[in-house]
Amino acid sequence: MEVLERVAFYVMAVIAVASALLVVVNRNPVASAMSLVGTFLAVAGLYLTLNATFLSAIQVLVYAGAIMVLFLFVIMLLNLEREPFDLPGFGRIAGFALSVVLLFSLISLALNATARPETSARGGSGAEIGDVFFSDYLFPFEMASLLLLVAMVGVIVVARRRKPEEEEEGEA
Amino acid sequence: MQENLLELIILIPFASVAVQYFLHRVLPARLAGLIACGAVLVPFLLTVVVGRGIGSAAPQVPAVTATIASWLTGGGLEVAFGLRLDPLSCAWTLVVTGIGFLIHVYSLGYMHHDPGFKRFFIYMNLFIGSMLALVLGDSLPLLFLGWEGVGLCSYLLIGFWFEDMDNARAGQKAFVVNRIGDLGFLLAMLMIFQTFGTLDIATVTSSLSAGHAQGLYPLGDGRITLIALLLFVGACGKSAQLPLFVWLPDAMAGPTPVSALIHAATMVTAGIYMVARFSVFFALAPVASAVVAIVGALTAFVSATIALRQRDIKKVLAYSTCSQLGYMFLGLGVGAYGAAVFHVVTHAFFKALLFLGAGSVIHALSHEQNAMKMGGLKPHLPRTHWTFFVGCFALAGIFPFAGFFSKDKILGEALLGHGWLFPLVGVLGLITALMTAFYTFRLYRLVFTGPERLDDHARAHLHESPATMTLPLVILALLSIVGGALSLPAFAHFDLLGDYLRPIFASALAVAGEHAHHAVNVEVALMLVSLAVVIGGAWWAWNRFAEGPGDQLPLPQSGLPFLLENKWFVDEIYAIFVIGPMRGTALLAGFFDRYVIDGIVNGLARLCDLCGAFVRLLQNGAVHTYALLFLAGAVYLVCSLL
Amino acid sequence: MITVVDYYVVASILFAIGALGFLLRKNVLVMFMSVELMLNSANLVLVASAKSFDLARGSAFALVSVAVAAAEVGVGLAIIIALFRLKATVDAEEITNLRG
């Protein structure tokens with residue numbers, strides 16, 4: 001059992017990291033998006049190993065499902081081409097160096113952390129999360145729904161194709 | 001019940017102001033005027049109703065109090081919009097609203113053709129409300145609020161016809177001179193708070209007399225003397241006493257009803273009210289009292305001398321007002337508090353009457369104010385004439401008109417006082433009485449008798465004023481005739497006002513020692529002397545100006561008449577010694593401001609500009625740069641956690 | 001034995017890769033994907049550490065954060081579309097309208 005858990009974790013972790021790298025490295029946006037799905041699914045798997053079953057399901061549904069579809073839609077809508085390769089400038093070298101520093105500092109921060117015993121009172125099942133949401137966190141829950149509503153309205157307003165006369169007004 | 005009525009007394013005028021202000025577009029002028037009059041009449045009636053209940057001569061000061069709302073609360077300070085109606089404020093409220101109502105009615109006629117009719121009544125109601133706040137306020141801040149409020153209304157009304165620069169300047173002058181006095185008042189207020197820890201007037205005065213009884217504040221205590229003197233500085237500004245009296249004659253630039261209401265009958269007596277209110281302070285500070293008496297006597301004297309040679313009918317009355325206010329302060333200074341308040345009341349009657357009469361004359365002559373160009377108006381303006389005549393008798397102080405009793409009470413207390421100072425100021429007052437009678441009847445003769453000296457324009461419009469204007473005159477004339485009955489001389493044993501006010505001044509008189517009652521024959525003899533002096537002065541003027549101004553018509557070029565005609569050059573002295581240096585300082589300060597302070601400020605702005613020009617290089621619009629910097633910060637944070 | 005520290009390490013790597021992508025790529029869409037990577041790693045840390053306290057609550061936090069992410073992606077992509085209409089490009093280096 002113990003071994004199975006370890007194997008699951010390592011497999012998931014490797015997939016997550018590898019596909020994340022692919023996201024960054026691929027020059028075709030569609031390929032990047034597909035790699036991103038891999039990361040999302042791997043992270044969902046990691047959630048499973050953490051016993052957060054409900055969240056894992058949500059991760060698959062929302063990220064790997066809804067958000068990825070959105071990305072793909074936009075990519076196709078914009079009809080993007082492969083990004084041409086050009087030589088790295090100062091900003092990119094600095095960015096790379098900074099990312100590496102960030103990586104090591106974060107990892108050393110993580111290693112410094114002491115592993116507390118895993119003594120969670122409740123599990124991550126849908127029933128238990130629902131219990132939390134409809135008792136202690138009712139207000140944030142409602143706020144999240146309101147946020148989504150506002151975002152929806154905002155998206156429609158921002159992305160809608162304007163009529164010519166409106167275009168002029170917008171530019172004026 | 002009484003409390004609610006008391007609140008209404010002060011709220012009605014303000015409510016009326018609000019109604020007139022917000023509805024000024026839709027309200028017909030006539031209706032606005034009627035509302036304004038009603039907003040003064042109703043408080044008058046309410047004061048009668050509420051005031052009746054407080055007249056009992058209990059040992060404590062009888063009063064009705066009410067709190068409208070809390071105002072300032074913090075630390076040890078607690079000030080509310082609290083009202084207090086005791087005999088003193090009741091007397092004042094009755095004068096303010098009573099005379100105020102008559103003058104409002106008069107204004108309906110006087111301002112009839114003025115384009116600023118509605119504005120005029122808004123200001124007038126605002127004035128009445130502020131004056132009531134001044135008189136009824138139970139704390140120093142509220143008194144001060146009313147004090148500043150009436151000052152503001154005075155400014156607005158002096159400059160009512162502001163299209164003329166001179167009028168606007170007169171308003172400014174009044175405002176600025178008043179401000180000097182206000183500083184004194186403010187300092188006094190702060191010192192009172194520091195000394196007594198409260199700003200409630202009743203508490204302050206009672207704790208002062210209690211403290212005196214315990215030996216805490218001995219007679220002539222330096223601190224109390226300083227407070228009294230500072231209060232008097234404030235009173236000087238508001239009540240136009242030497243050396244701050246210069247604004248009052250200029251204030252005549254306003255419409256005549258304003259001169260009658262604000263600059264004769266009510267607002268200028270605010271200083272008297274304040275000194276009377278804090279009479280305990282003055283009783284405990286003989287030095288301050290002496291200053292009050294001397295300043296009062298000198299003001300009375302100097303203003304009377306100037307009034308002798310004025311040509312403008314309103315200027316004569318204005319200087320006479322200064323002079324009469326001087327009498328009141330003289331009375332306060334010699335400890336005759338009741339008599340001073342009595343003089344305030346009678347003066348309100350006859351000075352309002354005289355101003356309104358003068359207004360009626362001016363109205364009839366199409367705004368001619370020069371008495372040298374009048375004369376012979378008696379047959380043309382019959383009602384104005386006889387009421388004005390009554391007013392002259394009252395002002396001159398001829399028995400049995402109102403002015404006689406009040407003036408005589410003050411002079412009697414002064415002349416029969418102990419020490420050398422009181423008789424001295426009394427004699428000064430007596431000389432002033434002579435001059436008062438002289439200039440009063442000079443004015444009467446110049447305006448109403450003798451040959452007509454009108455110019456054609458004035459003669460064409462000559463007409464008696466409408467009933468709205470003459471009716472108040474008649475009422476005021478009747479009051480000027482019988483007003484003396486409010487407080488007859490001591491030997492008559494009939495002193496309505498004195499008995500009413502006694503509790504107010506009881507503690508002050510207890511400190512100063514009750515005035516000795518003088519023998520009847522002494523008092524009568526004194527009355528006869530002053531009556532003889534007054535009648536002599538009146539008779540002299542009566543004969544001298546029988547045939548018009550005579551040798552006073554040409555402008556004098558030298559000597560005493562020259563000095564008097566030019567008001568002792570007080571304004572010019574101010575211009576050289578006060579205004580000149582001030583202008584110089586202002587010029588210097590302006591230079592400093594423009595080149596040094598502005599230089600520093602502009603320099604800083606330029607420095608910021610420079611820094612900005614450098615920093616904006618970072619703002620290149622590329623999101624990668626921002627992200628890089630942002631992440632650098634994040635990395636720094638993470639590293640610092642390690 | 002897998003401990004919370006292991007999850008932290010994985011999350012750190014994911015985050016650093018996200019930062020790298022954001023800084024190096026010029027395509028706005030890919031930059032946006034990198035942001036999603038970082039967001040995921042943060043969520044992972046949240047859930048992993050919740051194991052030691054109260055997984056239900058931690059999951060609830062993470063769920064709200066997913067909701068926020070969904071809203072953010074929607075608005076972000078809408079902005080990218082509007083931007084593309086205006087500029088006909090998704091190259092971040094060519095979009096410098098906010099230069100000071």
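Predicted, not measured: the structure shown is a model, and the values here were computed from it. Labels below follow one simple rule: chain letters A, B, ... track the order of the sequence lines, proteins then strands, and each chain is numbered from 1.
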Engineer: Applying side chain to side chain donor-acceptor pair (under 3.5 Å), run through Tyr47(A) and Ser59(C) and close with a yes or a no.
Structural biologist: CA-CA 10 Å; Tyr47(A) 287 155; Ser59(C) 300; over 6 Å; no
Engineer: Evaluate the criterion side-chain contact (heavy atoms from CB on, under 4.5 Å) for residue pair Thr49(A) and Tyr7(C); output intermediate values, then yes/no.
Structural biologist: CA-CA 10 Å; Thr49(A) 62; Tyr7(C) 287 95; 2.6 Å; yes
Engineer: So for Phe53(C), is it side chain, backbone, both, or neither that comes closer than 4.5 Å to the heavy atoms of chain A?
Structural biologist: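 Contact with chain A is through both the backbone and side chain of Phe53(C).
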Engineer: Among Gly124(A), Ser108(A), Gly123(A), single out the residue with the greatest number of heavy-atom pairs under 4.5 Å to chain C.
Structural biologist: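 Option with the greatest count: Gly123(A).
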Engineer: What part of Val30(C) lies closer than 4.5 angstrom to a heavy atom of chain A: side chain, backbone, both or neither?
Structural biologist: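 Just the side chain, heavy atoms under 4.5 Å.
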Engineer: Could you look at Ala113(A) and say if it's the side chain, the backbone, both or neither that has a heavy atom under 4.5 Å from chain C?
Structural biologist: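 Both backbone and side chain.
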Engineer: Does any heavy atom of chain A fall under 4.5 Å from the side chain of Val90(C), the backbone, both, or neither of them?
Structural biologist: side chain
Engineer: Pick one of side chain, backbone, both or neither for Phe22(C), based on which atoms fall under 4.5 Å of a heavy atom in chain A.
Structural biologist: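 No part of it gets close to chain A.
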Engineer: Does any non-hydrogen side-chain atom of Leu63(C) lie less than 4.5 Å from one of Phe141(A)?
Structural biologist: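 With C-beta onward as the side chain, the pair stays apart.
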Engineer: Any side-chain heavy atom of Ile80(C) within less than 4.5 Å of one from Leu78(A)?
Structural biologist: yes
Engineer: Using non-hydrogen atoms only, which part of Arg57(C) is less than 4.5 Å away from chain A: side chain, backbone, both, or neither?
Structural biologist: both
Engineer: Under a 4.5 Å heavy-atom cutoff, which of Phe73(A), Phe54(A), Phe133(A), Tyr10(A) has the most pairs with chain C?
Structural biologist: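 So the answer, after comparing Phe73(A), Phe54(A), Phe133(A), Tyr10(A), is Phe133(A).
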Engineer: Which bit of Leu14(C) is near chain A, if near means a heavy-atom gap under 4.5 Å: side chain, backbone, both or neither?
Structural biologist: side chain
Engineer: Looking only at heavy atoms, what is the nearest atom pair of Ser12(C) and Leu103(A), with distance?
Structural biologist: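 For Ser12(C) and Leu103(A), the tightest heavy-atom pair comes out as O-CD1, 4.0 Å.
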Engineer: Using heavy-atom distances under 4.5 Å, tell me whether Phe40(A) contacts chain C through its side chain, its backbone, both, or neither.
Structural biologist: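 Just the side chain, heavy atoms under 4.5 Å.
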Engineer: Do you know which of Gly21(C), Ala16(C), Ser52(C) has the most heavy-atom pairs with chain A at a distance under 4.5 angstrom?
Structural biologist: Ser52(C)
Engineer: Less than 4.5 Å to any heavy atom of chain C: does that hold for the side chain of Ser32(A), its backbone, both, or neither?
Structural biologist: both
Engineer: Which bit of Tyr137(A) comes within less than 4.5 Å of chain C, counting heavy atoms only: side chain, backbone, both or neither?
Structural biologist: side chain
Engineer: Is the closest side-chain heavy-atom distance between Leu55(C) and Arg122(A) below 4.5 Å?
Structural biologist: no
Engineer: Which atoms of Asn43(C) come close to chain A, meaning under 4.5 Å heavy atom to heavy atom: side chain ones, backbone ones, both, or neither?
Structural biologist: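 For Asn43(C), backbone and side chain are both near chain A.
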Engineer: Counting heavy-atom pairs under 4.5 Å with chain C, which one of Asp136(A), Leu102(A), Val14(A) comes out on top?
Structural biologist: Asp136(A)
Engineer: So do Glu36(C) and Met68(A) actually touch side chain to side chain, heavy atoms under 4.5 Å?
Structural biologist: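 Met68(A) does not reach Glu36(C) side chain to side chain.
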Engineer: Between Val132(A) and chain C, with a heavy-atom cut-off of 4.5 Å, which part of the residue counts as in contact: side chain, backbone, both or neither?
Structural biologist: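 It is the side chain, since no backbone atom gets that close.
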